[in-house]
Amino acid sequence: QVQLVESGGGSVQAGGSLRLSCAASGVPYSSYSIMGWFRQAPGKAREAVATIWRHAGTTHYADSVKGRFTISQDNAKNTLYLQMSGLNPEDTAMYYCAADLSGRVGRWWNDGARYNYWGQGTQVTVSS
């Protein structure tokens with residue numbers, strides 16, 4: 001059974017940094033085709049933040065986080081990371097780790113409906 005467990009959220013002031021982690025278990029890490037981070041703020045739709053193709057290492061970022069966030073993975077630890085810097089209040093949201101094993105994401109890396117596994121989320125709050 002696939003499990004994704006996020007950690008690392010918290011409260012920071014604008015300009016600060018956080019690193020989110022997502023520990024994956026249940027299937028061999030090599031089974032994942034793509035993993036990513038999504039976020040949802042109160043009253044707003046879920047949006048893709050960053051994704052990484054597990055084997056090729058190709059990354060995608062939302063325009064709003066380019067240059068500030070970095071997605072990475074540690075295959076030995078079966079862990080996905082999101083290093084966030086230059087945080088601003090607009091980054092306040094629940095952040096979710098997502099993964100796909102089926103290979104159906106394709107070019108729709110930012111379409112959360114194509115990811116079949118999700119973590120419970122970790123809250124990030126940025127104050128001005």
Side-chain angles (χ1 to χ4, degrees):
Q1 182 178 352
V2 174
Q3 272 197 314
L4 303 174
V5 180
E6 303 96 333
S7 61
S11 298
V12 296
Q13 290 192 325
S17 300
L18 283 173
R19 188 176 80 157
L20 306 183
S21 299
C22 172
S25 63
V27 297
Y29 198 66
S30 59
S31 299
Y32 297 97
S33 62
I34 186 170
M35 298 187 74
W37 292 95
F38 290 73
R39 66 186 182 186
Q40 187 167 21
K44 295 187 177 181
R46 181 179 62 194
E47 63 173 348
V49 176
T51 62
I52 184 168
W53 288 95
R54 210 205 62 76
H55 296 285
T58 306
T59 57
H60 300 279
Y61 293 92
D63 288 342
S64 59
V65 306
K66 281 181 181 177
R68 300 188 299 122
F69 291 11
T70 302
I71 189 171
S72 62
Q73 58 187 355
D74 186 329
N75 294 337
K77 295 183 178 180
N78 293 353
T79 302
L80 180 74
Y81 300 100
L82 184 68
Q83 178 67 48
M84 305 185 294
S85 60
L87 286 161
N88 58 62
E90 289 70 38
D91 296 315
T92 294
M94 185 71 79
Y95 283 70
Y96 297 93
C97 176
D100 174 59
L101 278 70
S102 67
R104 64 176 184 161
V105 171
R107 64 180 185 270
W108 299 281
W109 62 272
N110 57 350
D111 182 357
R114 294 180 176 268
Y115 292 74
N116 46 11
Y117 296 100
W118 292 83
Q120 293 299 306
T122 186
Q123 178 68 38
V124 172
T125 303
V126 185
S127 58
S128 58

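The shown structure was predicted, so the numbers you read here are calculated from the model rather than taken from an experiment.
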Open item on the list: To check you understand the geometry: which heavy-atom pair defines the closest contact between A41 and A93, and what is its length?
Closed with: N-CB, 3.8 Å
TODO: Go through the structure and list residues passing salt bridge (Lys or Arg N to Asp or Glu O under 4.0 Å) with D91, not counting sequence neighbours.
DONE: R39, R68
TODO: For the pair D100 and Y117, evaluate side-chain contact (heavy atoms from CB on, under 4.5 Å) and give the outcome as yes or no after the intermediate values.
DONE: CA-CA 6 Å; D100 174 59; Y117 296 100; over 6 Å; no
- [ ] Indicate the atoms forming the closest heavy-atom contact of V124 with L18, along with that distance.
- [x] CG1-CD1, 3.9 Å
TODO: Could I get the full list of side chain to side chain contact (heavy atoms under 4.5 Å, CB included) partners for S72, not counting sequence neighbours?
DONE: Y81
- [ ] For the pair L80 and Y32, evaluate side-chain contact (heavy atoms from CB on, under 4.5 Å) and give the outcome as yes or no after the intermediate values.
- [x] CA-CA 11 Å; L80 180 74; Y32 297 97; over 6 Å; no
Open item on the list: Please list all pairs meeting disulfide bond (SG atoms under 2.5 Å apart) that have one or both residues in residues 33-76, counting only residues at least two apart or in different chains.
Closed with: none
TODO: Go through the structure and list residues passing ring-ring contact (aromatic ring centres under 6.0 Å, His included) with W118, not counting sequence neighbours.
DONE: F38
TODO: Look at the side chain of S85 and the backbone N and O of S17, then say whether any donor-acceptor pair between them is shorter than 3.5 Å.
DONE: no
Task: Distance-minimising heavy-atom pair for L4 and A24 - done: CD2-CB, 3.8 Å
- [ ] List the atom of P89, the atom of S128, and the distance in Å for their closest heavy-atom pair.
- [x] CG-CB, 3.9 Å
Open item on the list: A side-chain contact here means heavy atoms from C-beta on lying under 4.5 Å apart; do T122 and S7 qualify?
Closed with: no
Task: Residue pairs involving residues 72-128 (criterion disulfide bond (SG atoms under 2.5 Å apart); sequence neighbours excluded) - done: C22-C97
Task: Same cluster (ILVMFWY, side-chain, under 4.5 Å), W53 and L101 - done: no
TODO: Give, for atom OG of S102 and atom CD1 of I34, the distance between the pair rounded to the nearest 0.5 Å.
DONE: 10.5 Å
- [ ] For residues A99 and M35, report the shortest heavy-atom separation together with the two atoms involved.
- [x] CB-CG, 4.0 Å
Task: Pairs involving residues 98-128, ordered by first then second residue, that meet disulfide bond (SG atoms under 2.5 Å apart) (sequence neighbours left out) - done: none
Open item on the list: Quick one: does any side-chain atom of H55 pair with a main-chain N or O of S30 as donor and acceptor, under 3.5 Å?
Closed with: yes
Task: Pairs touching residues 18-36 that satisfy salt bridge (Lys or Arg N to Asp or Glu O under 4.0 Å), sequence neighbours left out - done: none
Task: With T59 via side chain to side chain contact (heavy atoms under 4.5 Å, CB included) - residues at least two apart - done: I52, Y61, I71
- [ ] Give the minimum heavy-atom separation between W109 and A62, together with the two atoms involved.
- [x] CH2-N, 3.9 Å
Open item on the list: Taking the side chain as everything from C-beta on, heavy atoms only, tell me whether L82 gets closer than 4.5 Å to T70.
Closed with: no
Open item on the list: Does Q123 have more than 12 heavy atoms from other residues, nucleotides or ligands lying within 6.0 Å of its CD?
Closed with: yes
Open item on the list: For the NZ atom of K77 and the OG atom of S21, what is their distance to the nearest 0.5 Å?
Closed with: 9.0 Å
- [ ] State which residues pass side chain to side chain contact (heavy atoms under 4.5 Å, CB included) with P42; sequence neighbours excluded, sorted by chain then number.
- [x] none
Task: Flag for T79-D74: side-chain donor and acceptor within less than 3.5 Å - done: no
- [ ] May I ask you to check whether N75 and R54 show a side-chain donor-acceptor distance below 3.5 Å?
- [x] yes
TODO: Would you check if Q120 and Y96 make a side-chain contact, meaning some heavy-atom pair closer than 4.5 Å?
DONE: no
Open item on the list: Between T51 (side chain only) and G36 (backbone N and O only), is there a donor and an acceptor less than 3.5 Å apart?
Closed with: no
Task: ring-ring contact (aromatic ring centres under 6.0 Å, His included) against Y95, all qualifying residues, sequence neighbours excluded - done: none
Task: Rounded distance (nearest 0.5 Å) linking atom CD of E47 with atom CH2 of W37 - done: 14.5 Å
Task: Short side-chain to backbone donor-acceptor contact, E6 and G121, under 3.5 Å - done: yes
Task: Residues forming a salt bridge (Lys or Arg N to Asp or Glu O under 4.0 Å) with D111, sequence neighbours excluded - done: R114
Open item on the list: Could you tell me if the side chain of L87 sits less than 4.5 Å from the side chain of F69, heavy atoms only?
Closed with: yes
TODO: Identify, with sequence neighbours excluded, every residue that meets salt bridge (Lys or Arg N to Asp or Glu O under 4.0 Å) alongside K44.
DONE: none
